[in-house]
Amino acid sequence: MKSEILYPGAFPMVRVELASGEHIKAESGAMVGSSPTVDVESKMEGGFLGALSRKLLTGEKFFFQTLRASRGAGEVLLAPTVPGEIVILELDGVNEYMVQKDGFLAGADSITIESKMQSLSRGLLGGEGFFILKIGGKGTLVLNSFGAIHKIELKPDQEYIVDNSHLVAWSATTSYNIEKAASGWVASFTSGEGLVCRFRGPGVVYIQSRNPGSFGAWIRQFIPVSE
């Protein structure tokens, strides 16, 4: 598959060119348009139990779309639900990525997607829940964010602190711990930061410039409350 980001910035799309017989997997509802040679199918990634675990435990949709060029070569246009950037990664079959629940947009059929359980403390305190997506294999992976995507490259033992609500994805070679943003609990929460993730390299961390929870709170103040 060949992929290209159209209209880079807040409202991008991805154009994927498929050879005859080639197919990709995408988040349910991600397709904007396609050539008439492309068929759309529903697939439970990892079988019924794998799909069920993603739905119940990470909040991901139960089904993926499978987009197949079954009647000759064609193209597919994909777009995320929320305004934000798109990044395309090429997985080499060795390195894996941990992806927060809304970060996956599409990928080659050769990549693998599974739910990964975090430790109890990370699940309770990390803001992303007990489960995240673990994505590996070899092929193209397309991620999306809420807001702009910023890439942080960490050298061995180099550390970087990220507000957990701004995480998109990170390479499995990094380690991280959840900790208070400030020295005390009161200062951490009154500062508006609460809990953060301290990453240690080597590896790569992708973060998003907007916080979905904060944006949701801002929207709610304009919604009339019924008596």
Side-chain angles (χ1 to χ4, degrees), residues 1-17 24-35 38 40 42 45 54-55 58-67 75-91 97-108 111 113 126-129 131-133 135 140-153 160-171 181 192-197 199 204-225:
M1 58 178 280
K2 296 180 180 179
S3 55
E4 174 189 10
I5 298 176
L6 306 177
Y7 318 111
F11 303 102
M13 290 195 302
V14 176
R15 177 166 57 204
V16 180
E17 298 180 11
I24 62 169
K25 63 187 74 174
E27 176 72 347
S28 179
M31 191 190 78
V32 176
S34 72
S35 303
V38 176
V40 182
S42 292
E45 182 73 14
R54 281 195 314 278
K55 174 63 179 176
T58 71
E60 284 288 280
K61 296 182 178 68
F62 193 81
F63 290 95
F64 282 120
Q65 290 178 337
T66 298
L67 305 163
E75 72 167 29
V76 177
L77 298 177
L78 303 169
T81 302
V82 297
E85 285 195 306
I86 291 172
V87 62
I88 299 175
L89 307 179
E90 292 296 331
L91 302 187
Y97 282 86
M98 306 302 171
V99 180
Q100 61 96 348
K101 62 183 182 179
D102 297 317
F104 173 78
L105 181 62
I111 67 172
I113 304 173
E128 297 299 340
F131 288 79
I132 52 179
L133 298 179
I135 302 180
T140 301
L141 170 63
V142 185
L143 302 176
N144 64 262
S145 67
F146 181 41
I149 290 181
H150 180 64
K151 179 181 178 181
I152 302 169
E153 297 190 49
Y160 203 87
I161 297 173
V162 179
D163 182 298
N164 59 303
S165 297
H166 288 265
L167 284 171
V168 176
W170 57 96
S171 55
E193 295 302 325
L195 298 163
V196 296
C197 297
F199 284 90
V204 177
V205 181
Y206 289 92
I207 62 176
Q208 58 191 12
S209 62
R210 296 294 178 265
N211 181 328
S214 296
F215 181 73
W218 181 78
I219 289 291
R220 282 194 292 273
Q221 67 180 315
F222 301 106
I223 300 176
V225 178

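Below, each value reflects all heavy atoms present in this structure, side chains not excepted, and no hydrogens, waters or symmetry copies.
Contacts classified as salt bridge (charged side-chain N to carboxylate O under 4.0 Å, His left out) and involving residues 3-12 (residues at least two apart or in different chains) are given here: Glu4-Arg15. Listed by first and then second residue, the salt bridge (charged side-chain N to carboxylate O under 4.0 Å, His left out) pairs that reach into residues 143-152 are Lys151-Glu153, sequence neighbours excluded.
The line from CD1 of Ile161 to CZ of Phe199 is 11.0 Å long, rounded to the nearest 0.5 Å.
Counting heavy atoms from C-beta outward, Glu85 and His150 have side chains that stay 4.5 Å or more apart. You'll find the side chain of Val205 reaches within 4.5 Å of the side chain of Leu167, heavy atoms only. Between Ile132 and Val99, every side-chain heavy-atom pair lies at or beyond the 4.5 Å cut-off.
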**Item:** Test side chain to side chain contact (heavy atoms under 4.5 Å, CB included) applied to Val76 and Met31, step by step
**Value:** CA-CA 7 Å; Val76 177; Met31 191 190 78; 4.0 Å; yes

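By the side chain to side chain contact (heavy atoms under 4.5 Å, CB included) test, Gln221 pairs with Trp218, sequence neighbours left out. The ring-ring contact (aromatic ring centres under 6.0 Å, His included) search around Phe146 returns Phe215, not counting sequence neighbours. Judged as a side chain to side chain contact (heavy atoms under 4.5 Å, CB included), and not counting sequence neighbours, the contacts of Val142 are Val14, Ile86, Ile88, Leu105, Ala106, Thr140. Residues satisfying the ring-ring contact (aromatic ring centres under 6.0 Å, His included) test with Tyr7, not counting sequence neighbours, are none.
For the side chain to side chain contact (heavy atoms under 4.5 Å, CB included) criterion with Tyr206, the lone passing option out of Val162, Ile152, Ile149 is Ile149.
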